[in-house]
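Heads up, the thing below is written out as structure tokens.
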Amino acid sequence: MVGPLISDELALSPVEFGWVASAFFGSFALLQIPVGIAFDRWGVRRPMALMMLVGAAGSGLLTASSGFWSAFAGQVAVGTGCAPIFMGGLYYLGQLHSPEKAGRLAATVSSIGSVGALLSASPLSWFTAVWGWRAACWTASVMMLGCALSIAVTLRQSLSSPNVLQANGAGTWRLAHLHLVPICFTLSLGGTFRNAWAGPYLTHVFGRGTGVGTILTRQVLN
């Protein structure tokens, strides 16, 4: 939603904007294995809370950025903050519940989050038009900080029972894998909005002032 605005205000070339946009995905992807190791060693609460604090700081850094390198570093930090969220939900639910119930709950939680990401496109576009992209990024920073603190306060650090996904056997867990299909589907839809192509493309075709969020939301709803 805010990509073209950031590119214009920071005077980024198309190549620089591509690097800034890709920094999120790069850090997100590279941290998946280290995040899993951290969950196995320290549980979900501590790694998730700490990494989401980094993400909140990264959004703040992006907000205060004045050029390529600060925006790039901010995006790397935002990717770091988002890296444990999906896996953390699956891991935590998998320890609390049976494979079948954990799969259903994970699909429900992820679907609700993805629908929120899809439907927020138009409000974010309006918010940015009224208050600017920096205010939108500050708001995201504050919200991620609140989520990190909530996780630190409410999640149990360790669970008394062993991981039920392992205890109940691989054959049962293969059935639970079916519940991950809608999760991956909704995540791919959400990634369309987080990706860099939509905002610049629509702005280039239809000009500045285009309601990018409204267009994308209507496409999904239709």
Side-chain angles (χ1 to χ4, degrees), residues 1-10 12 17 20-25 27-28 48 51-65 71 74-86 88-89 106-151 154 182-222:
M1 299 304 102
V2 300
L5 300 176
I6 294 176
S7 182
D8 287 347
E9 187 165 332
L10 302 185
L12 301 178
F17 177 75
V20 169
S22 300
F24 170 89
F25 299 102
S27 61
F28 184 98
M48 280 192 72
M51 294 180 73
M52 289 178 70
L53 287 175
V54 173
S59 186
L61 177 59
L62 178 62
T63 302
S65 62
Q75 280 283 79
V76 170
V78 172
T80 300
C82 293
I85 295 175
F86 178 60
T108 301
V109 170
S110 180
S111 297
I112 292 173
S114 297
V115 168
L118 296 172
L119 296 181
S120 67
S122 185
L124 177 58
S125 180
W126 171 82
F127 186 96
T128 303
V130 175
W131 285 290
W133 68 269
R134 293 185 188 270
C137 290
W138 272 124
T139 302
S141 177
V142 172
M143 294 180 70
M144 180 169 276
L145 175 61
C147 291
L149 295 177
S150 176
I151 287 173
T154 61
I183 297 179
C184 297
F185 177 70
T186 53
L187 283 176
S188 67
L189 288 176
T192 302
F193 288 83
R194 185 60 183 81
N195 211 331
W197 70 267
Y201 172 77
L202 292 173
T203 301
H204 176 73
V205 172
F206 298 105
R208 301 294 176 186
T210 302
V212 175
T214 301
I215 292 173
L216 294 177
T217 302
R218 286 177 176 174
Q219 287 298 318
V220 172
L221 294 179
N222 290 335

### Task
For residues Met144 and Ala56, report the shortest heavy-atom separation together with the two atoms involved.
SD-N, 3.4 Å
### Query
Taking C-beta and beyond as the side chain, do Ile6 and Val20 meet within less than 4.5 Å on heavy atoms?
no
### Query
Between Leu61 and Gly74, what is the shortest heavy-atom contact and its length?
CD2-N, 3.6 Å
### Residues that Ala83 engages under side chain to side chain contact (heavy atoms under 4.5 Å, CB included), provided they are two or more places apart
Phe28, Leu31, Gln32, Val35, Met51
### Query
What is the distance from atom CD1 of Ile85 to atom CE of Met48, rounded to the nearest 0.5 Å?
6.0 Å
## Note on the structure
Sorted by chain and number, sequence neighbours left out, side chain to side chain contact (heavy atoms under 4.5 Å, CB included) with Thr139 holds for Phe127, Met143
### Query
Sub-3.5 Å donor-acceptor pair from the side chain of Ser150 to the main-chain atoms of Cys147, do we have one?
no
### Task
Locate the shortest heavy-atom distance separating Cys137 from Thr63; write the atom from each residue and the value.
CB-OG1, 2.9 Å
### Summary
So the salt bridge (Lys or Arg N to Asp or Glu O under 4.0 Å) pairs with at least one residue in residues 124-133 (sequence neighbours excluded) are none
### Query
Quick one: side chain to side chain contact (heavy atoms under 4.5 Å, CB included) partners of Ser7, sequence neighbours excluded?
Leu12, Phe17
### Message
Tell me which pairs pass salt bridge (Lys or Arg N to Asp or Glu O under 4.0 Å) where either residue lies in residues 137-151, with sequence neighbours left out.
### Response
none
### Task
Show your working on side chain to side chain contact (heavy atoms under 4.5 Å, CB included) between Leu53 and Leu145 and close with a plain yes or no.
CA-CA 6 Å; Leu53 287 175; Leu145 175 61; 3.4 Å; yes
### Leu149 side, atom CG; Met52 side, atom CE - distance, nearest 0.5 Å
9.5 Å
### Task
Enumerate the residue pairs fulfilling salt bridge (Lys or Arg N to Asp or Glu O under 4.0 Å) with a member in residues 52-64, sequence neighbours excluded, ordered by first and then second residue.
none
### Task
For Ser65 and Ala71, work out which heavy atoms get closest and say how close.
CB-N, 3.6 Å
#### Entry: Side-chain donor/acceptor of Ser141 to backbone N/O of Ser59, under 3.5 Å
no
### side chain to side chain contact (heavy atoms under 4.5 Å, CB included) partners of Ala23, counting only residues at least two apart
Phe72, Gln75, Val76
### Query
Can you check whether Trp138 and Trp133 have ring centres sitting under 6.0 Å from each other?
no
### Summary
So salt bridge (Lys or Arg N to Asp or Glu O under 4.0 Å) across residues 132-146, not counting sequence neighbours, yields Glu9-Arg134
